[in-house]
2 protein chains.
Amino acid sequence: MSNHSDLVQHLRARGHRLTPQRRMVLEVLQGSDHHLNAETIARSIARRYPNIAVDPATIYRTLKWLRDADLVSETSLGQNHMVYALISHHRHHHLVCDQCQMVVEVDPQILEPVRNEIERRYDFTPRLDHVAIFGLCNRCRAERAE
Amino acid sequence: MSNHSDLVQHLRARGHRLTPQRRMVLEVLQGSDHHLNAETIARSIARRYPNIAVDPATIYRTLKWLRDADLVSETSLGQNHMVYALISHHRHHHLVCDQCQMVVEVDPQILEPVRNEIERRYDFTPRLDHVAIFGLCNRCRAERAE
DNA sequence: CTACATGCAAATCCTTTGCATCCAC
DNA sequence: GTGGATGCAAAGGATTTGCATGTAG
């Protein structure tokens with residue numbers, strides 16, 4: 001389920017109302033393969049439809065609605081805002097630099113051994129879909145070494 | 001370096017000024033082995049010293065100062081606030097159940113392979129001192145299966 | 001003494017909410 | 001037609017900042 005009409009159908013089938021605003025937010029999320037915050041989504045819509053402005057409150061309400069429908073992930077990358085992405089997109093984790101806030105996407109495979117260990121040793125099912133790992137990037141590490 | 005006077009010495013040696021407020025924040029952080037947010041720290045101080053109130057702005061400034069001195073970690077656990085903890089050599093990770101909030105402590109060794117991979121493949125130094133992994137515990141998983 | 005830390009209040013940023021109006025179904 | 005969605009403005013919570021005052025060194 002990755003294209004627009006599939007998603008629309010899925011939502012309709014669950015009795016959700018499909019407004020132009022909701023379609024536009026979905027469209028932006030589908031057009032991006034990385035995480036977006038509410039403001040970025042609003043700007044994307046404004047750029048694509050220069051004569052339309054969707055209210056921030058509506059963006060936020062739409063995102064919560066999509067999150068509650070399990071279609072969108074809501075993640076904190078340690079910045080002062082949440083970021084959102086369609087769940088149907090490939091899993092990926094993030095390295096976030098404590099100092100310069102740079103974000104690097106990480107091969108999801110890297111956490112598979114951890115998943116297995118946690119399931120085996122602790123009988124716990126970890127939700128490792130979007131994990132943020134904080135630390136220092138190479139540039140900032142070098143900078144500090146001085 | 002885990003007791004109060006050691007920390008104080010360390011900071012003094014670096015030319016930092018040690019005020020009563022800073023000592024109190026340090027004291028609270030040393031008295032807790034889990035992550036605290038600014039408000040909780042303020043309340044702890046108020047409880048311990050009923051006639052003193054440290055301004056929130058001072059708490060935040062102190063925490064940034066300790067973070068910049070690499071004595072305290074500043075982490076986002078996906079809530080709307082940051083949490084802080086002394087960077088100690090006693091690492092511990094936690095499994096947190098999304099449903100029943102149960103918390104289990106996890107062998108820190110479990111993340112060592114991840115640390116190595118991240119350092120090797122991404123030239124990034126992860127700060128894996130207090131990682132929270134969310135998911136479902138065995139009880140809640142069984143409950144959902146019904 | 002002096003540079004730096006504090007308290008206080010106001011400002012900021014992201015996000016949520018109340019309410020009248022609007023529109024998808 | 002009607003319940004749910006929108007826009008607007010105002011409220012909210014966490015955090016930051018400006019500035020006068022206080023104090024650690």
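The figures that follow rest on heavy atoms only: side chains count, while hydrogens, waters and symmetry mates do not. Order of the sequence lines sets the chain letters (A, B, ...), proteins ahead of strands, with each chain counted from 1.
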Comparing B/M82 and B/P20 on DNA chain D - which has the more 5′ nearest nucleotide: B/M82
Would you mind classifying the nucleic acid contact of A/R61 as base, sugar-phosphate or nothing, using non-hydrogen atoms under 4.0 angstrom? base
Regarding B/E105 and A/Y122, do their side chains bring together a donor and an acceptor under 3.5 Å, going by distance alone? no
Counting the atoms with a prime plus P, OP1 and OP2 as sugar-phosphate, which does A/N80 contact under 4.0 Å by heavy atoms, base, sugar-phosphate, or nothing? sugar-phosphate
Kindly say if A/Y60 contacts the phosphate of C/dT16, meaning a side-chain N or O under 4.0 Å from OP1 or OP2. no
Testing D/dA14, C/dT6, C/dA24 for proximity to the side chain of B/T19, the answer is C/dT6
N or O in side chain of B/T58 less than 4.0 angstrom from C/dA5 OP1/OP2: no
Could you point out which residue of A/T40, A/V83, A/L29, A/V103 forms a side-chain contact (heavy atoms from CB on, under 4.5 Å) with A/H35? A/V83
Residue-phosphate contact under 4.0 Å: B/Q21 side-chain N/O, C/dG7 OP1/OP2: yes
Does a nitrogen or oxygen in the side chain of A/R22 sit under 4.0 Å from OP1 or OP2 of D/dA5? yes
Does a side-chain N or O from A/K64 land closer than 4.0 Å to OP1 or OP2 of C/dT15, or not? no
Classify the side-chain pair A/R141/B/T125 by whether it contains a donor and acceptor separated by less than 3.5 Å. yes
